[in-house]
Amino acid sequence: MARPGGLEAAEQQQQQQVLSRQQERHYRLLAELQALVKALPSACQQRLSYTTLSELALALLDGTVFEIVQGLLEIQHLTEKNLYSQRRQLHSEHRGLKQELFHRHKEAQQCCRPHNLPLLRAAQQREMEAMEQQIREEQRMMDEKIVLELDQKVIDQQNTLEKAGVSGFYITTNPQ
């Protein structure tokens, strides 16, 4: 059954209006991206071509990329909070170990005979230095774990955005 000519023309006009609004929004997003790029150092500006910015603006049109980025941001914040909490807990444990050692040393000095005190203090100093070294090593290992976990989150984010078809995103460990 054929449609009346007026209805078909109205549908075409409505489609044209939708396309026109999308094109206007695309140009607006592109202009905003270009303005953001101008604030970057020139070395970064050179890496973001007009084509790349236009493709990014197109990717932003339907809102899916915003939702993806919001989800990735929430995951990142939860990861950062968790890692900070782990680091704070390790620091608290270390503080407790130091206090415990300090109290043991103080009790030992109170029970020690005066002529043995220099030997005891020297031994305690070595024990304190060994503990400090162990604490530094544990802290370094924790910091390395944190950096590796954050690096993995970046790779996951790059992979997700690449799979979503966002221009310019791919997995890399190159800081540039």
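Keep in mind the model is a prediction, meaning the values are calculated, not measured.
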Checklist line | Note: Arg140-Glu137 ion pair, threshold 4.0 Å (strictly below) | finding: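 Answer for the salt bridge query: yes.
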
Contact check, side chains of [X] and [Y], non-hydrogen atoms, under 4.5 Å:
X	Y	value
Asp156	Lys153	yes
Arg25	Leu29	yes
Leu48	Leu40	yes
Thr160	Lys163	no
Asp151	Val147	yes
Gln45	Pro41	no
Arg88	Tyr84	yes
Gln124	Gln109	yes

Margin query: Donor-acceptor check, side chain of Ser20 to backbone of Gln16, threshold 3.5 angstrom: yes or no?
Written below: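 Not at all, since once roles are kept as given, no pair shorter than 3.5 Å links the two residues.
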
Notebook entry, point to check: Is the backbone N or O of Leu83 less than 3.5 Å from a side-chain atom of Glu149, with the two atoms forming a donor-acceptor pair by type?
Noted result: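 Looks like no, no N/O pair under 3.5 Å.
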
For the residue pair [X] and [Y], what are the closest heavy atoms and their distance?
X	Y	result
Glu55	Ser167	OE1-OG, 2.6 Å
Phe169	Leu161	CE2-CD1, 3.5 Å
Leu150	Glu80	CD2-CG, 4.1 Å
Ala59	Val65	O-CG2, 3.2 Å
Lys98	Glu132	CE-OE2, 3.2 Å
Ser54	Leu30	N-CD1, 3.6 Å

Side chains of [X] and [Y] only: does a donor on one sit below 3.5 Å from an acceptor on the other?
X	Y	answer
Gln158	Glu162	no
Gln133	Arg136	yes
Asn174	Thr172	no

Do [X] and [Y] sit in the same hydrophobic cluster, where Ile, Leu, Val, Met, Phe, Trp and Tyr count as joined when their side-chain heavy atoms come under 4.5 Å apart?
X	Y	result
Leu120	Met131	no
Tyr50	Val166	yes
Leu61	Phe66	yes
Ile135	Ile146	no

Item checked: More than 12 heavy atoms of other groups within 6.0 Å of Glu144 CD ->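 Yes - once you tally the heavy atoms of other residues, nucleotides and ligands closer than 6.0 Å, there are more than 12.
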
Note to self: If you count heavy atoms of other groups shown closer than 6.0 angstrom to CE of Met128, is the number above 12?
What the structure shows: yes

Checklist line | Test applied, side-chain hydrogen bond (donor to acceptor under 3.5 Å, both in side chains); reference residue, Gln125; option that passes from Glu127, Arg121, Glu129 | finding: Glu129

